[in-house]
Amino acid sequence: MCIRDSINAEYMGDNLKSEMDPSIVAWNRIVDEFLGQKVEEIQPIIQKEREREEKKQEEINKSPARTEEESVQIKIKLAELEKKKPVPPREPDPDECCGSGCQVCVWDLYTLAVEKYNDELAKWNEMVEKAKS
């Protein structure tokens, strides 16, 4: 059963007459127009999805095939790097700051530690990307 027949059965039910009946011809024209509009709306989306899938497949095809030994070595490197991943600094508790405007406040030290952590994390991410390639 085609989509038009399904729609006819759904909306016309037992009142379905001969396809030559003028009311059925008009109804079918409306259904065909509706379906045509929907297909036209969906077509660009389908095309974009196809292009995206083709691009993904091209990327997969471009990447060099690795032997199982190479894959194992990469996994080992990544596991070793995971152990060296920088740990974010602990945020000071609110009661750790005395609030008297110290020259070197715990929040100043925390800010410096976060900056250092972000730098180390960026370097670590670069090493992980290198290990993957």
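Between Lys85 and Leu121, the shortest heavy-atom contact is CE-CD1, 4.1 Å. The minimum heavy-atom distance between Tyr117 and Pro86, with the atom names listed, is CE1-O, 3.5 Å.
Annotation: side chain of Leu112 is not in contact with side chain of Asp108 (no heavy-atom distance under 4.5 Å). Side-chain contact check for Cys97 versus Pro92: every heavy-atom pair is 4.5 Å or farther apart.
Under the 4.5 Å side-chain heavy-atom criterion for Ile, Leu, Val, Met, Phe, Trp and Tyr, Val72 and Val128 are members of distinct hydrophobic clusters. Hydrophobic cluster membership differs between Ile76 and Leu78, with clusters built from Ile, Leu, Val, Met, Phe, Trp and Tyr side chains linked at under 4.5 angstrom. If you chain together hydrophobic residues whose side chains sit under 4.5 Å apart, Val114 and Trp124 never meet in one group.
Note that the NZ atom of Lys130 and the CD atom of Glu126 stand 7.0 Å from one another [nearest 0.5 Å]. With rounding to the nearest 0.5 Å, the separation of NZ in Lys55 from NZ in Lys48 is 13.0 Å.
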